[in-house]
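Every chain is numbered from 1, with letters handed out A, B, ... down the list of sequences. Source: prediction; values computed, not measured.
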4 protein chains.
Amino acid sequence: MDSGQKQELLSVLHECMEVSNRCFDQCLQEENLEMVRNCIRLDRECADFCQYVEGAIARDTPFVEELLQACATICKACADECDQHDHDHCKRCAEVCYRCAELCEKFTAA
Amino acid sequence: MDSGQKQELLSVLHECMEVSNRCFDQCLQEENLEMVRNCIRLDRECADFCQYVEGAIARDTPFVEELLQACATICKACADECDQHDHDHCKRCAEVCYRCAELCEKFTAA
Amino acid sequence: MDSGQKQELLSVLHECMEVSNRCFDQCLQEENLEMVRNCIRLDRECADFCQYVEGAIARDTPFVEELLQACATICKACADECDQHDHDHCKRCAEVCYRCAELCEKFTAA
Amino acid sequence: MDSGQKQELLSVLHECMEVSNRCFDQCLQEENLEMVRNCIRLDRECADFCQYVEGAIARDTPFVEELLQACATICKACADECDQHDHDHCKRCAEVCYRCAELCEKFTAA
């Protein structure tokens with residue numbers, strides 16, 4: 001991973017951490033909580049893991065491969081869930097999570 | 001904190017997490033390790049806490065005040081240490097940590 | 001803090017992280033989600049922060065005071081919320097959170 | 001994973017987080033820093049990841065498999081490094097990290 005790629009990755013991980021935390025927060029304020037039960041759970045998994053990976057990438061962890069593989073799976077699961085809902089925060093979360101999952105996969109394959 | 005201020009804070013916390021992690025990584029590659037003993041320790045404290053606070057702010061934690069107060073103290077301590085060294089990564093880290101500490105203080109006072 | 005006190009603190013922080021994470025998980029499976037809206041949020045705040053502080057105490061962070069003060073406030077807020085509910089996981093969470101808050105306060109006063 | 005296995009895993013993850021954080025702290029106080037350069041780095045990777053996984057297991061994350069696989073690799077790398085040093089904190093860290101890596105592997109295979 002060169003330094004441009006690292007910046008690209010850090011930037012999308014940060015954005016993904018942010019939108020999934022916002023989606024968590026806004027799901028908890030929805031009138032119909034039942035509908036977003038799984039969103040709330042997966043938003044937290046995704047936000048916390050992206051936050052972890054941000055830090056690890058920033059310090060040039062020797063475990064890029066392992067972390068990005070897990071991150072791709074977690075982001076994809078969160079995106080698949082959020083994508084089923086019509087709330088703006090869910091749609092936005094799904095979009096960024098898919099983008100983050102793709103980038104993680106791209107850099108693990110490299 | 002309005003949404004513009006929140007974005008400003010998230011952005012500086014992310015930058016501070018990034019530069020202090022980079023400083024940690026580069027200190028560990030310095031020839032003269034003895035000189036950066038305290039940098040290494042404080043870089044980690046600062047990076048890990050900024051990373052934590054990023055996530056908490058992104059989900060609108062009810063504990064903004066408590067977290068930003070602690071964050072200001074930790075960033076300031078890291079900045080004071082890094083500022084004593086001539087390495088580019090230390091100078092850069094000190095500069096961003098001071099900026100982050102100031103913003104944290106500004107938003108706790110508000 | 002001597003090494004016996006450190007072990008006592010690490011042990012209650014770990015237990016508090018565990019019960020508040022379990023309460024988060026079980027709240028998300030409750031039939032009446034509306035009732036535990038705030039529990040879910042505060043369980044996460046409490047669990048994530050105790051998890052952070054565990055690590056910091058284990059590495060002898062220079063910021064014990066700042067972290068334990070924030071931790072006491074967060075654990076107390078989670079306990080106050082959970083204590084209003086009759087679910088076993090909420091009662092258990094409240095009990096451990098109060099214990100953790102007290103110990104954090106005791107060690108910051110010292 | 002039944003509840004007894006979950007407790008066993010939480011307990012070893014916590015112990016591993018603790019000893020690798022202590023090893024990090026004590027390495028940074030060694031007279032011969034040069035010798036423990038890699039220990040310091042790997043102790044942090046191991047401590048931070050075990051701390052993350054503790055929380056995730058406690059909330060019954062749906063990503064046990066992914067997290068334990070990465071955790072086994074990280075703990076093993078830290079153990080292999082610490083095992084090369086004669087300091088008590090390194091020997092102790094290596095021993096617990098190997099135990100944690102084994103348990104992570106056992107539960108991913110299951």
Residues 82-98 of chain A: residues contacting chain B (heavy atom under 4.5 Å, by number): none

For B:Glu45, side chain to side chain donor-acceptor pair (under 3.5 Å) partners two or more places apart: C:Arg59, C:Thr61

Side chain proximity check, A:Asp80 to A:Lys76, heavy atoms < 4.5 angstrom: yes

pair B:Arg37-B:Glu34: side-chain heavy atoms closer than 4.5 Å: yes

Nearest-0.5 Å distance that lies between atom NZ in B:Lys106 and atom CG in B:Leu68: 12.5 Å

Residue, of B:Glu18, B:Gln26, B:Gln51, that accumulates the most heavy atom pairs under 4.5 Å with chain A: B:Gln51

Distance in Å, A:Glu105 CD paired with A:Cys100 SG, rounded so as to fall on 0.5 Å steps: 10.5 Å

Donor-acceptor contact below 3.5 Å, side chain A:Asp43 vs main chain A:Phe24: yes

Chain B contact residues among residues 2-15 of chain A, heavy-atom distance under 4.5 Å: A:Gln7, A:Leu10, A:His14

Given B:Cys78, B:Cys75, B:Cys71, the one that forms side chain to side chain contact (heavy atoms under 4.5 Å, CB included) with B:Phe49: B:Cys71

Side chain to side chain contact (heavy atoms under 4.5 Å, CB included) partners of A:Glu102, counting only residues at least two apart: none

Minimal non-hydrogen separation, A:Leu33 against A:Cys27, with atom names: CD2-O, 3.5 Å

Exam field: side chain B:Asn21 to backbone B:Met17, donor-acceptor pair closer than 3.5 Å: yes

Max heavy-atom pair count under 4.5 Å with chain A, selected residue of B:Val19, B:Ile57, B:Asp25: B:Asp25

